[in-house]
Amino acid sequence: MCRVLATRPRGTTDVLPPRSERWIRREQRFREVCRAFGYPEIILPMFEHAELFQRTVGEATDIVEKELYVFPDRGGRLLALRPEGTASAARAYLENGLHRGPQPVRLSYVGPMFRYERPQAGRFRQHTQMGVEVFGADQPTADVEVILLAAEYLRKEGLTELSVRLNSIGCPDCRPAYREALRRWAHPLLPELCEDCRSRYHRNPLRLLDCKETRCATALQEAPRSLETLCSACEEHFAAVRGYLADLDLPVSVDPNLVRGIDYYTRTVFEVVHGRLGAQRALCGGGRYDGLVEVLGGPPTPGVGFGMGLERVLDVLESAGETEGDARPDLFLAIADERARSQAFAIATDARRRGLATLFDLGGRSLKAQMKAAARAGARFALVLGERELATGTATLREMDTGQERGLPLAEVVDALCRG
RNA sequence: GUGGAUGUAGCUCAGUGGUCAGAGCACCAGGUUGUGGCCCUGGGGGUCGGGGGUUCAAAUCCCCUCAUUCACCCCA
């Protein structure tokens with residue numbers, strides 16, 4: 001085996017059956033929920049002009065600064081593998097003139113995202129996000145709708161122990177003032193803070209608030225909160241979001257320390273977290289991005305959405321013993337005599353056309369080995385075809401779980417299985 | 001980018017200087033010439049992650065490197 005040719009790139013994964021079957025079920029269920037909420041799917045490119053992400057996600061963010069997969073193509077364009085879905089969706093919304101049609105525009109998407117990160121539990125260089133976006137809606141009900149959609153999907157997957165973390169980081173009117181206020185307040189504490197926090201002070205003071213170092217956390221306990229300095233419009237918006245969510249039987253906690261690492265967010269930001277998931281416990285992250293479309297040269301357009309990590313959802317489900325979606329064949333044809341092979345092809349074709357998952361042996365193995373293969377594949381029924389069946393026109397159908405057998409005319413086997 | 005742990009069969013791992021490198025599970029075949037699961041027997045499968053060094057002798061000790069993994073930063 002060649003070490004390089006037969007090794008996947010760092011941070012990527014091969015998703016094998018049966019996990020791949022479960023994976024597909026998760027995508028299906030997400031699409032069902034999106035359909036129920038009226039969010040048709042948009043299919044977007046996996047790479048874009050690098051500038052799209054640099055300008056929207058933000059030059060100074062980790063995602064752009066150190067995680068973006070950028071490359072020049074053969075025509076000299078600077079492209080980037082998408083690190084997230086919202087910027088692409090906003091670009092497509094504008095480029096295709098959706099902003100000129102009826103508003104709001106609701107969209108969903110499922111697909112791979114790429115970030116050059118050091119892999120760890122729940123984090124990869126290629127991961128998959130299921131997300132939704134609403135463009136052209138500034139009402140707090142839109143924020144509530146997308147949070148509700150995320151929660152409804154996760155509920156349908158049978159997940160419990162979920163909670164929604166919620167915060168408002170203000171808008172271009174009130175955020176700069178808050179940043180300055182926080183900086184001024186923290187300045188005298190700088191010598192006590194950790195090295196990371198001293199650099200956060202300059203780069204992104206909001207990040208000071210969620211440092212995990214205990215000495216920083218205690219030092220900053222009394223820091224001013226963004227929630228206390230929201231402008232009245234943001235204040236009102238946030239109060240409305242909280243109010244609707246409170247009526248909805250969702251475990252929501254307002255967390256003034258929740259800060260997200262993408263520049264385009266305004267007002268509402270949120271995460272859905274699950275307790276038992278290692279250090280990367282956010283299943284879902286999102287928020288409002290009222291200035292995003294305008295940055296791309298479009299009209300002022302409010303928007304809100306989220307991205308959900310498919311691998312993380314699967315991890316939680318599998319840690320809870322999830323097996324839904326595991327494939328199980330209905331019928332295994334064991335061939336005891338090569339002269340029965342044509343008959344086997346005919347029965348298999350009939351069964352498959354009628355929706356029964358049917359396998360049969362490709363030849364050269366003993367009947368015993370074939371029965372073993374049938375059991376291993378998890379087949380519900382096995383049918384032996386040989387000289388005897390050809391002569392009498394009847395066969396023995398064996399139910400694998402119980403070992404019970406019954407004789408049936410060959411022509412009726414598929415009918416019997418279809419009836420259950 | 002930073003720190004820790006780990007790389008031996010498909011999987012989980014044993015083997016810390018000394019014959020040709022092992023176990024369990026899995027896989028294939030036979031025992032049972034038309035029937036899976038239990039049992040028995042046999043079989044296939046390894047550049048001991050890679051390279052260099054020390055030594056009469058290296059899976060084992062040293063250096064480098066690659067990969068995996070967990071955590072930090074950050075994020076889904």
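Residue numbers begin at 1 in each chain, while the letters A, B, ... track the order of the sequences. As a basis for the values below, the full set of heavy atoms in this structure was taken, side chains included, without hydrogen atoms, waters or symmetry mates.
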### Message
Roughly how many Å apart are A9(B) and A23(B), using the P atom of each and rounding to a whole number?
### Response
14 Å
### Message
Rounded to whole Å, please give me the gap between CH2 in W23(A) and C1' in A76(B).
### Response
11 Å
### Query
For F37(A), does the CZ atom have more than 12 heavy-atom neighbours from other residues, nucleotides or ligands under 6.0 Å away?
yes
### Summary
When rounded to whole Å, the CZ to P distance for the pair R8(A) and G49(B) reads 18 Å
### Message
Work out how far the P atom of U16(B) is from that of U6(B), and round it to whole angstrom.
### Response
16 Å
### E152(A)/R155(A) salt bridge by N-O under 4.0 Å criterion
yes
### Query
Is any side-chain N or O of R118(A) under 3.5 Å from a base N or O of U2(B), one able to act as donor and the other as acceptor?
yes
### Query
Counting only side-chain N and O atoms of R10(A), is one of them less than 4.0 Å from OP1 or OP2 of C66(B)?
no
### Query
Should the pair E84(A)-R115(A) be classified as a salt bridge under the 4.0 Å nitrogen-to-oxygen rule?
no
### Task
Go ahead and name the base partner of U68(B); Watson-Crick or wobble counts if both distances stay under 3.5 Å, otherwise write none.
A5(B)
### Message
Could you check whether R118(A) pairs with D62(A) (Lys NZ or Arg NE/NH1/NH2 to Asp/Glu carboxylate O, under 4.0 Å)?
### Response
no
#### Entry: Atom-to-atom span, CZ of F114(A) to P of C74(B) - whole angstrom
24 Å
### Query
Mapping C284(A) and P9(A) onto RNA chain B by nearest heavy atom, which one lands closer to the 5' end?
P9(A)
### Query
Taking a pair as Watson-Crick or G-U wobble with both distances under 3.5 Å, which nucleotide is matched to C73(B)?
none
### Task
Please figure out whether G11(A) or T128(A) has its closest RNA chain B nucleotide nearer the 5' end.
G11(A)
### Message
Would the distance check show the side chain of N96(A) and the main-chain N or O of L98(A) forming a donor-acceptor pair, the cut-off being under 3.5 Å?
### Response
no
### Query
Can you tell me the Watson-Crick or wobble partner of G18(B), both distances under 3.5 angstrom?
C56(B)
### Query
Can you check the R123(A) CZ to G1(B) C1' distance for me, whole Å?
12 Å
### Query
Would you say the ring centroid of Y69(A) lies under 6.0 angstrom from that of F47(A)?
no
### Query
Considering residues, nucleotides and ligands other than R242(A), do more than 12 of their heavy atoms fall under 6.0 Å from its CZ?
yes
### Message
Just checking F71(A): does its CZ atom have more than 12 heavy atoms from other residues, nucleotides or ligands closer to it than 6.0 angstrom?
### Response
yes
### Query
Taking atom C1' of A76(B) as reference, at what distance in whole Å does atom CD of E27(A) sit?
15 Å
### Query
Using the C1' atom in both, what is the distance from G17(B) to A57(B), to the nearest Å?
8 Å
### Query
Roughly how many Å is it from CD in E117(A) to P in U68(B), rounded to a whole number?
15 Å
### Task
Please determine if R406(A) and E399(A) form a salt bridge, counting it only when a charged side-chain N lies under 4.0 Å from a carboxylate O.
no
### Query
Mind checking who C27(B) pairs with, Watson-Crick or G-U wobble, both distances under 3.5 Å?
G43(B)
## Note on the structure
To the nearest angstrom, the CG-P distance between D14(A) and G10(B) comes to 16 Å
### Query
Pick from N167(A), D143(A), D290(A): which one makes a side chain to side chain donor-acceptor pair (under 3.5 Å) with T268(A)?
D143(A)
### Message
Expected output is a numbered-order residue list: members of residues 54-72 of chain A with a heavy atom under 4.0 Å from any atom of RNA chain B. What is it?
### Response
D62(A), K66(A), E67(A)
### Query
If you measure from the P atom in G37(B) to the same atom in C28(B), how many Å do you get, rounded?
12 Å
#### Entry: Watson-Crick/G-U partner (both atom distances under 3.5 Å) of G34(B)
none
### Query
Within the structure shown, what part of the strands sits under 4.0 Å from F306(A) by heavy-atom distance: base, sugar-phosphate, or nothing?
nothing
### Task
For A59(B) and U12(B), measure between their P atoms and round to the nearest Å.
23 Å
### Message
Between A58(B) and G50(B), how many Å separate the two C1' atoms, rounded to a whole number?
### Response
16 Å
List every contact pair, protein side and nucleotides 33-36 of chain B side both N or O, where the distance is under 3.5 Å.
| from | atom 1 | to | atom 2 | distance (Å) |
| --- | --- | --- | --- | --- |
| G34(B) | O6 | E387(A) | N | 3.2 |
| G34(B) | O6 | R388(A) | N | 2.6 |
| G34(B) | N1 | E389(A) | OE1 | 2.8 |
| G34(B) | N1 | E389(A) | OE2 | 3.1 |
| G34(B) | N2 | E389(A) | OE2 | 2.6 |
| U35(B) | N3 | E405(A) | OE2 | 3.4 |
| G36(B) | N7 | R398(A) | NE | 3.2 |
| G36(B) | N7 | R398(A) | NH2 | 2.6 |
| G36(B) | O6 | R398(A) | NE | 3.0 |
| G36(B) | O6 | R398(A) | NH2 | 2.6 |
| G36(B) | O6 | M400(A) | O | 3.3 |
| G36(B) | N1 | M400(A) | O | 2.3 |
| G36(B) | N2 | M400(A) | O | 3.0 |

## Note on the structure
Whole-Å distance, E133(A) CD to A76(B) P, equals 12 Å
### Query
Is it the case that more than 12 heavy atoms not belonging to R225(A) sit under 6.0 Å from its CZ atom?
yes
### Message
For A76(B) and Q129(A) - does any side-chain N or O of the residue sit under 4.0 Å from the phosphate oxygens OP1/OP2?
### Response
no
### Message
Taking A26(B) as the reference, what is the distance to G4(B) when you measure between their C1' atoms (whole Å, please)?
### Response
33 Å
### P gap between U2(B) and A21(B), integer Å
39 Å
